Amino acid sequence: MCETPAVVTERIRKAMLFALDAHCGASHKALDLKICLAQGIAELWYLRPDLMQMISVSSGEAIARDVLAQITALFEGHHPMATPSRFAAL
C-alpha cells in the first residue's frame with residue numbers, strides 16, 4: 001500500500017509533537033508551532049535538528065538521538081532530497 005505524502009506528513013508531524021510533549025517541559029511552544037505550521041515533509045525534515053536540540057537540553061543527548069532515529073525512520077521512502085531541487089540546474 002502506497003501512502004500519500006499528506007498521510008506520511010501527518011504521521012511524522014504527530015510523532016514530532018508527541019516527542020516534544022513526552023521529553024520537554026512547557027518551553028517547547030515555539031517549536032510546537034513550527035511543527036504544526038510546517039507545510040510538508042521537507043519542512044518537517046529540516047525541523048529535526050531543532051527537535052534534537054530541544055530534547056537534548058531537557059532529557060539528554062542519548063535520549064534525543066534515540067527519539068530522532070525513530071522519527072527519521074518515518075521519512076524512509078519520502079526523504080525530501082529524493083526530489084530534485086528547483087535550484088539543481090543553476
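Just so it is clear, the structure is predicted and the values come from calculations on it, not from any experiment. Numbering of residues begins at 1 and proceeds along the displayed sequence.
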[X] [atom1] to [Y] [atom2] distance, which is reported to the nearest 0.5 Å:
X: Ile71; Y: Phe18; atom1: CD1; atom2: CZ; result: 10.0 Å
X: Glu10; Y: Ile41; atom1: CD; atom2: CD1; result: 10.0 Å
X: Leu51; Y: Asp32; atom1: CG; atom2: CG; result: 10.5 Å
X: Leu17; Y: His28; atom1: CG; atom2: NE2; result: 8.5 Å
X: His23; Y: Ser56; atom1: NE2; atom2: OG; result: 11.0 Å
X: Cys36; Y: Met16; atom1: SG; atom2: CE; result: 10.5 Å

Q) Same cluster for Val67 and Val57 if Ile/Leu/Val/Met/Phe/Trp/Tyr side chains link at under 4.5 Å? A)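 Not linked; separate clusters.
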
Q | Test: Lys34 and Glu43 ion pair at under 4.0 Å | A |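 Answer for the salt bridge query: no.
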
Which heavy atom in [X] sits nearest to a heavy atom in [Y], and how many Å separate them?
X: Arg13; Y: Leu44; value: N-CD1, 3.9 Å
X: Glu3; Y: Val7; value: OE2-CG1, 3.9 Å
X: Ile12; Y: Phe75; value: CG2-CZ, 3.5 Å
X: Ala19; Y: Ile55; value: CB-CD1, 4.0 Å

Q | Residue pairs passing the side-chain hydrogen bond (donor to acceptor under 3.5 Å, both in side chains) test where at least one lies in residues 62-73, sequence neighbours excluded | A |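 Checked against side-chain hydrogen bond (donor to acceptor under 3.5 Å, both in side chains) - neighbours excluded - the pairs reaching residues 62-73 are Arg48-Thr72, Glu61-Arg65.
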
